[in-house]
K.L.:
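So that we are looking at the same thing, I have put the structure below in structure tokens.
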Amino acid sequence: MSTAAAFLRAEDLRKQYQVRRGLFGKGKTLHAVAGVDFAVPAGTTFGLVGESGSGKSTLARLLLAAEPTSGGRVYVDGAPLATRTARQRKAFHRLVQPVLQDPYASLNPLMRIGDIVSEPMRIHGLAKGPALAARVDALLQSVGLAPALARRFPNELSGGQRQRVAIARALGLAPRALVLDEPVSALDVSIQAQILNLLKDLQRQQGLTYVLISHDLAVVACMSSQIGVLYLGEFVELGSRDDILLRPRHPYTRALMASSESRVDSVAQAGAAVAEIPSPIALPRGCRYQSRCPHAAPRCREQQPALRAAGATHRVACHFDL
Ligand code: ATP
Ligand code: MG
């Protein structure tokens, strides 16, 4: 996990929300992201897996500077992310672009595909006239779409085609990194594989750096060189793809893998039979995973395990050597 050539790096990244239960309820602090560190070498994929509410999208928004952090820092290409001025924000958006889950919600239904794809380039003044039209054609072709689709509207396209449009739009500014938040979750399984293959091809051709978020360990496994397993805003395990897939150490990671189809949803269901996931505003003392852990011991209720080395690239937050 060398940080030297990291294109994206998170350092003790945190996000808290003040939430209120009911009109007269007392304000409480919800720790959506509770101190997360990782580094993504240029041209590689960092996969982020965790069940609903673990903080994946919040982390994505912090990496995209779509929300202010409550603590910690993001580094882009070695420099701290700065978004104070409009110029700094523009420069950042040229480097790091989002691709979101629902290609229907993220594409303006009233705009033609060609305008959707060209909009960021127009805003950034990168091209106009015939040069812009040619660039849109090339982008559509690069994501496997016919340039003739430029005249269509989003509702005339299939889900897979819409996600290709969203990717073409994100690539218009020639970014160096994409933050992909559940990019295939809304698609049929057969279409998912096509989009994941497209993302792999684009990464190889353009040297793109990805942060790929999914609740589906199988999706993250087929794409990532490093994987972080998020639970209630913290990593419980972090390592190379092989560390996580072949040598999982944390009981939560193992539960993710044992669950049918490696889907985190089914872990949530299986876990619910034993104990509920704690609320992120009323976290237990000690280990966050204790209420669902088959190995929980008195120490786990007293002391929170630190993320400690379990190998050259492998970190795990558990008191035990499982
Ligand atoms: P999912 O798989 O359902 O998309 P997620 O892992 O993306 O889940 P987040 O959306 O990041 O999870 O949410 C993490 C926690 O932060 C949740 O408990 C959520 O309710 C809370 N949260 C997120 N955004 C806000 C907000 N704007 N205000 C208050 N709480 C929030
Ligand atoms: Mg989410």
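Starting from 1, each residue takes its place in the sequence as its number. In each ligand, atom 1 is the first atom listed, and ligand 1 is the first ligand listed.
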K.L.:
As a check for students: among His215, Lys15, Lys56, identify the option with a heavy atom nearest to atom 2 (O) of ligand 1.
P.N.:
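Residue with the shortest heavy-atom distance to the ligand atom: Lys56.
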K.L.:
Looking only at side-chain N and O atoms, does Arg288 offer a donor or acceptor that is under 3.5 Å from a partner on Tyr252?
P.N.:
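Result is no, nothing qualifies.
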K.L.:
Which part of Ser52 is near ligand 1, with near meaning a heavy atom under 4.0 Å away: side chain, backbone, both or neither?
P.N.:
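The answer is both.
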K.L.:
With a 3.5 Å distance limit and no angle check, can you tell me whether Gln161 reaches the backbone of Leu157 through a side-chain donor-acceptor pair?
P.N.:
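Answer holds: no.
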K.L.:
One residue to check: Val19. Relative to ligand 1, which of side chain, backbone, both or neither has a non-hydrogen atom less than 4.0 Å away?
P.N.:
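Side chain only.
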K.L.:
May I ask you to list the atoms of ligand 1 that are less than 4.0 angstrom from any heavy atom of Ser54?
P.N.:
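Those qualifying, in numeric order: 6 (O), 12 (O).
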K.L.:
Can you list the atoms of ligand 1 that are under 4.0 Å from a heavy atom of Thr58?
P.N.:
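Counting from 1, the qualifying ligand atoms are 9 (P), 11 (O), 13 (O), 14 (C), 23 (C).
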K.L.:
Side-chain contact, heavy-atom cut-off 4.5 Å: Arg176 with Val96?
P.N.:
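No, every pair of side-chain atoms sits at 4.5 Å or beyond.
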K.L.:
Specify the protein heavy atom at minimum distance from atom 30 (N) of ligand 1: its residue, its atom name, and the distance to 0.1 Å.
P.N.:
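Nearest neighbour among protein heavy atoms for atom 30 (N) of ligand 1, to 0.1 Å: Tyr17 CD1, 3.4 Å.
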K.L.:
For atom 17 (C) of ligand 1, what is the closest protein heavy atom, and at what distance to 0.1 Å?
P.N.:
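So the nearest neighbour among protein heavy atoms is Gly53 O, 4.0 Å.
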K.L.:
May I ask you to list the atoms of ligand 1 that are less than 4.0 angstrom from any heavy atom of Pro280?
P.N.:
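Those of ligand 1 that fall under 4.0 Å from Pro280 are 18 (O).
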K.L.:
With distance as the sole criterion, is a donor-acceptor pair present between the side chains of His319 and Gln303 under 3.5 Å?
P.N.:
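No, Gln303 and His319 have no side-chain donor paired with an acceptor closer than 3.5 Å.
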K.L.:
Looking only at non-hydrogen atoms, find the nearest pair between Pro248 and Met257 and report the distance.
P.N.:
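Smallest interatomic distance, heavy atoms only, reads CG-CE, 3.1 Å.
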K.L.:
Any idea which heavy atoms bring Ala177 and Leu208 closest together, and the distance?
P.N.:
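It is N-CD2, 4.3 Å.
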K.L.:
For residues Arg122 and Leu132, report the shortest heavy-atom separation together with the two atoms involved.
P.N.:
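Taking every non-hydrogen atom into account, CG-CD2, 3.4 Å.
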K.L.:
Is Gly55 in contact with ligand 1, taking contact as a heavy-atom separation below 4.0 Å?
P.N.:
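Checking ligand 1 against Gly55, which is what was asked, there is a heavy-atom contact under 4.0 Å.
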K.L.:
N/O to N/O below 3.5 Å, does that happen between Ala32 and ligand 1?
P.N.:
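For ligand 1, there is no N or O atom that lies under 3.5 Å from one belonging to Ala32.
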K.L.:
Name the one of Val99, Val219, Leu48, Ile227 that satisfies side-chain contact (heavy atoms from CB on, under 4.5 Å) with Leu212?
P.N.:
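For Leu212, the side-chain contact (heavy atoms from CB on, under 4.5 Å) test succeeds with only one of Val99, Val219, Leu48, Ile227, which is Val219.
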K.L.:
Find out whether Arg73 and Asp12 are in side-chain contact, i.e. whether some heavy atom of one side chain is under 4.5 Å from a heavy atom of the other.
P.N.:
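Contact flag for Arg73/Asp12 side chains = no.
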K.L.:
Flag atom 19 (C) of ligand 1 as yes if some protein heavy-atom distance to it falls below 4.0 Å, otherwise no.
P.N.:
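For atom 19 (C) of ligand 1 the answer is no, since every protein heavy atom stays at 4.0 Å or beyond.
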K.L.:
Is it true that a side-chain atom of Gln163 and a backbone atom of Leu100 form a donor plus acceptor pair closer than 3.5 Å?
P.N.:
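Looks like yes, one N/O pair under 3.5 Å.
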K.L.:
Please test Gln226 against Thr44 for side chain to side chain donor-acceptor pair (under 3.5 Å), starting from the C-alpha separation and ending with a verdict.
P.N.:
CA-CA 8 Å; Gln226 270 188 94; Thr44 72; 5.3 Å; no
K.L.:
Of the side chain and backbone of Arg61, name the one, both, or neither that has a heavy atom under 4.0 Å from an atom of ligand 1.
P.N.:
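Under 4.0 Å from ligand 1, Arg61 contributes side-chain atoms alone.
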K.L.:
Output the list of atoms in ligand 1 that are nearer than 4.0 Å to some heavy atom of Ser57, sorted by atom number.
P.N.:
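By the 4.0 Å cutoff, the relevant atoms are 4 (O), 5 (P), 7 (O), 10 (O), 11 (O).
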K.L.:
Angle between ring planes, Phe38 versus Phe46, binned at 30° and 60°: parallel, tilted or perpendicular?
P.N.:
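Ring orientation of Phe38 relative to Phe46: parallel.
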K.L.:
In terms of atom number and element, which parts of ligand 1 are under 4.0 angstrom from non-hydrogen atoms of Glu51?
P.N.:
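By the 4.0 Å cutoff, the relevant atoms are 6 (O).
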K.L.:
N/O of Leu30 under 3.5 Å from N/O of ligand 1, yes or no?
P.N.:
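Not met; the criterion fails.
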K.L.:
Could you verify whether a donor N or O on one side chain and an acceptor N or O on the other, from His31 and Glu234, lie under 3.5 Å apart?
P.N.:
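The answer is no; no qualifying pair exists.
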K.L.:
So, at under 2.8 Å, which protein N, O or S atoms would a careful student list around the Mg ion (ligand 2)?
P.N.:
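As for protein N, O or S atoms lying under 2.8 Å from the Mg ion (ligand 2), they are Ser57 OG.
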